[in-house]
Amino acid sequence: MSAPTTFSVALHNETATAQLMADLALLVGPGDVVTLTGDLGAGKTAAARALIRYLAGDETLEVPSPTFTLVQGYELPPFLVVHADLYRVEDESELEEIGLSPLPDATLVLIEWPERAPSAMPQDRIDISLTHRPALGSNARAADITGHGKSAAIVARLQALREFLDVSGYLESTRRRMAGDASTRSYARLLCDDEIVILMNFPQRPDGAATYNGKSYSAAVHLAENVKPFVAIDEGLRAQDISAPAIYHSDLDHGFLITEDFGSESVVEGDPPRPIAERYEAATDVLAALHGKTLPETLPLANQTYAIPVFDTEALLIEIGLMPEWYLPDRNAPLSAAARSEFFAMWRELLKKPQSAPKTWIIRDYHSPNLIWLGDRAGIARVGVIDFQDTVLGPQSYDVVSLLQDARIDVPETVELTLLSRYIKARRAADAGFDPAGFAELYAIMSAQRNTRLLGTFARLNRRDGKPHYLRHQPRIWTYLQRSLAHPALSALRDWYLANVPAPQSPPQG
């Protein structure tokens, strides 16, 4: 077991406590345990309350001391939180009665007075010891933060984050939680005087074990495992007059960035959300403009270079493999060895055309959640792009599919075809040799590839990562997949899917 990691913070007032706990909240998650020790009135409940309110995104949320209830649960947007107070516990056997032995799964657990049940505390935990410091002010405290076991890395990262914020001039800023995504990244808005910026926490982390020819899934399919690709692609996009956020401060080794805040004006509207025509047209124009250029395959990065990975056949096949690996078992339709071999053989043959097509930058998740409308700018600069660290080199049709068959919202087929025609018209106007029919075939192939992968991805997010809300997107993905399989070039694949791949279940109501 690794040695404990400790550092200390002077907390001059409640604001400083809220800032520290917001920083900690950025780094912890389900399964982590935070214990709070200190005399009566040392500020344990105030610290827990600050963390819970940050995660809730609600500074007025009622967070009572659990001294009498012993345990209080909160269903917060990112995950479940349990707040416990063991002051009135007389014997560790009582923990089972109140649901703390064993500790709940998939939950962030905050425990005051852990010394009342010392042997019940997990080896992997973060201890925050609070003491009065009247010499610093009537409400001043000192917090000694210690990470034990696996949590030592979290505390070391917390210290590095606080040092980064201090050097950047944002340690005293107000933190506001931002919704995360399907990745390990987390974000906060920092408010300092009249300025608002984004703090990105991008830990170095592979997605999954090394099960794909000795590589993690993320490495095998060329997903970014640290912040460096984000920085390189960000600067590359800005050099091409694409609105990517300016980076004001960076710590590439730890994976912290402070960037421009584009705000939150979407390219969709309504409930359920639907495309805003002008904004989707501009987003389509961004791709047409980018794909008409000869783009570099290597980019500068901190006095080095970053080589953009090629979206090779093996990576594409591993992505497609998520469907038989995760989706089909969920639908009680596992493949025989022969059917599995046929599946990959068909795909390997289909992918020959996109692999031989001209390559461009594939931003990869170029769709509504990652596009911000910047109405005060002009032309294609009105489309702010915020998620591009996984950029690879591949066929031009991929991002057009990502936009026009948006995984998160319904894009009516009439809208899809209108925007696809707009893209083709812009490409032909700039290049008389552009082949619309050839592009339409590549569009169908990459649509089938992407939507096959997404069926598996969303099943995996549910079963492996405990994120069931992604399942509601599967029927939409299925609809897009049926559109692409209707192309004549995919007739054999369509027949195979008809025989072997059942439709997803309807999403739960409510």
TODO: Determine yes or no for a side-chain-to-main-chain donor-acceptor pair under 3.5 angstrom, with Ser151 supplying the side chain and Gly147 the backbone.
DONE: no

Open item on the list: Are more than 12 heavy atoms, taken from residues, nucleotides or ligands other than Glu269, located less than 6.0 Å from that residue's CD atom?
Closed with: yes

- [ ] Taking the side chain as every heavy atom from C-beta outward, state whether His249 and Phe256 have any atom pair closer than 4.5 Å.
- [x] no

Task: Test: Glu62 and Arg53 ion pair at under 4.0 Å - done: no

Task: Value rounded to 0.5 Å, distance of OG in Ser250 from CZ in Phe230 - done: 11.0 Å

Task: side-chain contact (heavy atoms from CB on, under 4.5 Å) partner of Val155, chosen from Ile128, Ile126, Leu24 - done: Ile126

Open item on the list: Under a 3.5 Å distance rule, please check whether Thr107 uses its side chain to pair with a backbone N or O of Asp105 as donor and acceptor.
Closed with: yes

Task: Non-hydrogen side-chain atoms of Phe311 and Lys359 separated by less than 4.5 Å - done: no

Open item on the list: Do Asp406 and Tyr366 pair up side chain to side chain, a donor and an acceptor below 3.5 Å, judged on atom types alone?
Closed with: no

Open item on the list: For Arg450 and Asp365: C-alpha separation, side-chain torsions, deciding distance, then whether salt bridge (Lys or Arg N to Asp or Glu O under 4.0 Å) applies.
Closed with: CA-CA 10 Å; Arg450 178 175 171 81; Asp365 281 324; 3.5 Å; yes

- [ ] To the nearest 0.5 angstrom, please state how far the CD1 atom of Ile477 sits from the CE atom of Met323.
- [x] 13.0 Å

Task: Minimum-distance pair of heavy atoms, taken over all atoms of Ile386 and Pro369 - done: CD1-O, 4.0 Å

- [ ] State, with a plain yes or no, whether a side-chain heavy atom of Ser8 is found less than 4.5 Å away from one of Ile145.
- [x] no

- [ ] Assess whether atom CD of Glu59 is packed by more than 12 heavy atoms of other residues, nucleotides or ligands within 6.0 Å.
- [x] no

Open item on the list: Here's one to test your reading of the geometry: is the NZ or CZ of Arg460 within 45 degrees of the ring axis of Tyr217 and under 6.0 Å from its centre?
Closed with: yes

Task: Face-on cation placement of Arg116 at Tyr87 ring, 6.0 Å and 45° thresholds - done: yes

Open item on the list: Using side-chain contact (heavy atoms from CB on, under 4.5 Å), reason through Ile409 and Arg274 one step at a time and then give a plain yes or no.
Closed with: CA-CA 7 Å; Ile409 70 159; Arg274 58 188 181 274; 5.7 Å; no

- [ ] Indicate yes or no for a side-chain donor-acceptor contact from Ser402 to the backbone of Asp399 under 3.5 Å, with no hydrogens or angles considered.
- [x] no

Open item on the list: Could you walk me through whether His367 and Leu371 satisfy the side-chain contact (heavy atoms from CB on, under 4.5 Å) test, starting with their C-alpha distance in whole Å, then the side-chain angles of each, then the deciding distance to 0.1 Å, before giving a yes or no?
Closed with: CA-CA 6 Å; His367 55 187; Leu371 303 176; 5.7 Å; no

- [ ] Identify the residue among Val197, Ile196, Asp261 that makes a side-chain contact (heavy atoms from CB on, under 4.5 Å) with Leu191.
- [x] Ile196

Open item on the list: Within the supplied structure, the quantity of interest is the number of heavy atoms (other residues, nucleotides, ligands) at a distance under 6.0 Å from Glu297 CD; does it exceed 12?
Closed with: no

Task: Exercise: do Asn451 and Ser447 side chains pair donor with acceptor under 3.5 Å - done: yes

- [ ] Assess the side chains of Tyr187 and Arg185: does a donor N or O sit below 3.5 Å from an acceptor N or O?
- [x] yes

- [ ] Mind running salt bridge (Lys or Arg N to Asp or Glu O under 4.0 Å) on Glu172 and Arg162 for me, showing each step along the way?
- [x] CA-CA 10 Å; Glu172 305 301 323; Arg162 304 260 314 163; over 6 Å; no

Open item on the list: Is there a side chain to side chain donor-acceptor pair (under 3.5 Å) between Gln204 and Glu225? Walk through the geometry before answering.
Closed with: CA-CA 6 Å; Gln204 170 88 32; Glu225 295 184 344; 4.7 Å; no

Open item on the list: Can you confirm whether the side chains of His222 and Asp312 place a donor and an acceptor under 3.5 Å from each other?
Closed with: yes

Task: Test applied, side-chain hydrogen bond (donor to acceptor under 3.5 Å, both in side chains); reference residue, His148; option that passes from Asp124, Thr6, Asp127 - done: Asp127

Open item on the list: Nearest 0.5 Å, please: how far is NZ in Lys44 from OG in Ser129?
Closed with: 9.5 Å

Task: Salt-bridge present (Arg364, Glu319; N to O < 4.0 Å) - done: yes

TODO: Could you check if a side-chain atom of Leu86 sits within less than 4.5 angstrom of a side-chain atom of Met121, using non-hydrogen atoms only?
DONE: yes

TODO: Could you check whether the rings of Phe458 and His473 sit parallel, tilted or perpendicular, using 30° and 60° as the cut-offs?
DONE: tilted

- [ ] Give the C-alpha distance, both sets of side-chain angles, the deciding distance and a yes or no for side-chain contact (heavy atoms from CB on, under 4.5 Å) between Asp241 and Ile380.
- [x] CA-CA 8 Å; Asp241 299 320; Ile380 63 172; 5.5 Å; no

Open item on the list: Donor-acceptor pair, distance only, cut-off 3.5 Å: does the side chain of Arg279 make one with the backbone of Ser266?
Closed with: yes

TODO: Using only heavy-atom distances, determine whether the side chains of Arg377 and Ser243 contain a donor-acceptor pair under 3.5 Å.
DONE: yes

TODO: Calculate, to the nearest 0.5 Å, the distance between atoms CZ and OH belonging to Phe79 and Tyr74 respectively.
DONE: 14.5 Å

TODO: Start with the C-alpha distance between Asp32 and Val109, add both sets of side-chain angles, then the distance that settles side-chain contact (heavy atoms from CB on, under 4.5 Å), and finish with yes or no.
DONE: CA-CA 6 Å; Asp32 290 324; Val109 182; over 6 Å; no

Task: Interatomic spacing from CG in Leu290 to CG in Leu237 - rounded to 0.5 Å - done: 7.0 Å

Task: Heavy-atom closest contact (Met446 atom, Leu316 atom, distance) - done: CE-CD2, 3.9 Å

Open item on the list: Take a 6.0 Å sphere around CD of Glu14 and say whether it holds more than 12 heavy atoms from other residues, nucleotides or ligands.
Closed with: no

TODO: Output the distance between atom CD1 (Ile363) and atom CG (Leu287), rounded to the nearest 0.5 Å.
DONE: 6.5 Å

Open item on the list: Looking at Asp410 and Arg476, is any side-chain nitrogen of the basic one under 4.0 Å from a carboxylate oxygen of the acidic one?
Closed with: yes

Open item on the list: Go through it in stages, so that I can follow the logic: the residues are Asn226 and Arg205, the test is side chain to side chain donor-acceptor pair (under 3.5 Å), and I'd like the CA-CA distance, side-chain angles, deciding distance and then a yes or no.
Closed with: CA-CA 7 Å; Asn226 59 54; Arg205 190 177 304 170; over 6 Å; no

TODO: Check for a donor-acceptor pair, side chain of Arg141 on one end and backbone N or O of Leu11 on the other, with a separation under 3.5 Å.
DONE: no

- [ ] Would you check if there is a donor-acceptor pair between the side chains of Thr45 and Glu112 at a distance under 3.5 Å?
- [x] yes

Task: Any Leu471 side-chain heavy atom under 4.5 Å of Arg463 side chain - done: no

- [ ] Side-chain contact test, heavy atoms from C-beta onward, threshold under 4.5 Å: evaluate it for Ile233 versus Ile308 and give yes or no.
- [x] yes

